[in-house]
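Remarks on the structure that follows.
No hydrogens, no waters, no symmetry mates; every other heavy atom, side chains included, goes into these values. Proteins get letters first, then strands, A, B, ... in listed order; numbering begins at 1 in each.
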There are 2 protein chains.
Amino acid sequence: MVKHSDEQLDRIYGAISHPVRRKILEQLGASAATVTALADPFAMSLPAVSKHIRILEAAGLVNRTIDGREHRLALEARPLLPATAWLERYRSFWEARLDLLEDRIRTRARR
Amino acid sequence: MVKHSDEQLDRIYGAISHPVRRKILEQLGASAATVTALADPFAMSLPAVSKHIRILEAAGLVNRTIDGREHRLALEARPLLPATAWLERYRSFWEARLDLLEDRIRTRARR
DNA sequence: CGAATGCTTAACCACTTGGTTTACAATAGT
DNA sequence: ACTATTGTAAACCAAGTGGTTAAGCATTCG
């Protein structure tokens, strides 16, 4: 139970921990695209981009539909929900910290 | 400019992509703790946990204060803010998708 | 048909990750 | 002064990452 969602989080966070893969997701956020179109902005071989795409696919963040010789990739954002949810649990921590900081600044300013 | 925050995101997402490190952060969310205390729940050698902690430290997610022979680790949640912010940009995508799904279900139910 | 396009597979390489064990340094307890 | 505790450092290993080039397979175009 726990293990399954754990591995999903592993794959999601691992997938978005690389700048190229984040950029690819951003591109796909604008519109679906083929592999060569996605690879175009990067100074990198096509197989390298292909590997990144496979990692995104394994994380469930990208859907591939093969149409003739073109592979059309589309963003699949749903798996990002649990990843965001896990992080949201820490929002209170940094907000609390910032509140403390504000308090300290106010206190210092008063005297 | 872009590169710097990129590397920060790389380190953050990389750090939380491992279940042991997420568990450590969760423990630290409850309270600060020493290395051995943090290592206790894991079936793993102390040096292994020590390495995980160093990765969290490098990502800026943990603060270490050395007190005698004990190292007291504390959660530093602020760096999670940009990581959450990046993910939040995709919230609209999955919400839109869910809306579409709901629409489809409603439409199907109507006929 | 022949040639170009889109993409993957395979083999290779350097580097990193995640774990181990062993050894060590420093502090604390008896 | 020992001894136990806390933690790191170093050396090692297997597996994974991130990239390359070369080859190959389908598909489309001329």
So how far is it from [X] [atom1] to [Y] [atom2], rounded to the nearest 0.5 Å?
X      : Y      : atom1 : atom2 : result
E76(B) : L25(B) : CD    : CG    : 11.5 Å
R11(A) : L61(A) : CZ    : CG    : 10.5 Å
L28(B) : L75(B) : CG    : CG    : 6.0 Å
H18(B) : L56(B) : NE2   : CG    : 10.5 Å

Kindly indicate, with the supporting measurements, whether the criterion side chain to side chain contact (heavy atoms under 4.5 Å, CB included) is fulfilled by K23(A) and D6(B).
CA-CA 10 Å; K23(A) 289 280 189 306; D6(B) 256 27; 3.5 Å; yes

Using salt bridge (charged side-chain N to carboxylate O under 4.0 Å, His left out) as the criterion, list what pairs up with [X], not counting sequence neighbours.
X      : result
R21(B) : none
D10(B) : R22(A)
R69(B) : none
E26(A) : R89(B)

Just do the side chain to side chain contact (heavy atoms under 4.5 Å, CB included) check on W86(A) and L81(A) with the steps written out, would you?
CA-CA 9 Å; W86(A) 188 88; L81(A) 176 54; over 6 Å; no

Residue mapping more 5' on DNA chain C - nearest nucleotide basis, K51(A) or R64(A):
R64(A)

DNA chain D-proximal residues of residues 53-61 of chain B, any heavy atom under 4.0 Å:
none

Listed in order of residue number, which residues of residues 27-43 of chain B have a non-hydrogen atom at under 4.0 Å from DNA chain D?
T34(B), V35(B), T36(B)

Any salt bridge (Lys or Arg N to Asp or Glu O under 4.0 Å) pairs touching residues 44-56 of chain A, not counting sequence neighbours?
none

With sequence neighbours excluded, residues passing side-chain hydrogen bond (donor to acceptor under 3.5 Å, both in side chains) with R64(A)
E57(A), H71(A)

Using side chain to side chain contact (heavy atoms under 4.5 Å, CB included), reason through L80(B) and I12(B) one step at a time and then give a plain yes or no.
CA-CA 7 Å; L80(B) 291 178; I12(B) 298 286; 3.9 Å; yes

Would you mind classifying the nucleic acid contact of R72(A) as base, sugar-phosphate or nothing, using non-hydrogen atoms under 4.0 angstrom?
nothing

Give a yes/no on whether any side-chain N or O of H71(A) is located under 4.0 angstrom from OP1 or OP2 of dG6(C).
no

Verify the contact: side-chain N or O of H18(B) to OP1 or OP2 of dG19(C), cut-off strictly under 4.0 Å; return yes or no.
yes

Contact state string [nucleotides 21-30 of chain C, B base, S sugar-phosphate only, - no protein heavy atom under 4.0 Å]:
BB----BS--

Chain A on DNA chain D: first and last contacting nucleotide, 5' to 3', under 4.0 Å to a heavy atom?
dG18(D) to dT28(D)

Annotated structure of DNA chain D as dot-bracket, pair cut-off 3.5 Å, Watson-Crick or G-U only, | for inter-strand, is ||||||||||||||||||||||||||||||

Apply side chain to side chain contact (heavy atoms under 4.5 Å, CB included) to the pair I24(A) and L73(A), showing each step before the final yes or no.
CA-CA 10 Å; I24(A) 289 176; L73(A) 288 320; over 6 Å; no

Going by ring pair (Phe, Tyr, Trp, His ring centres under 6.0 Å), name the pairs with one or both residues in residues 29-51 of chain A, residues two or more places apart or in two chains.
none

On DNA chain D, more 5' by nearest nucleotide between S50(B) and G14(A) is S50(B)

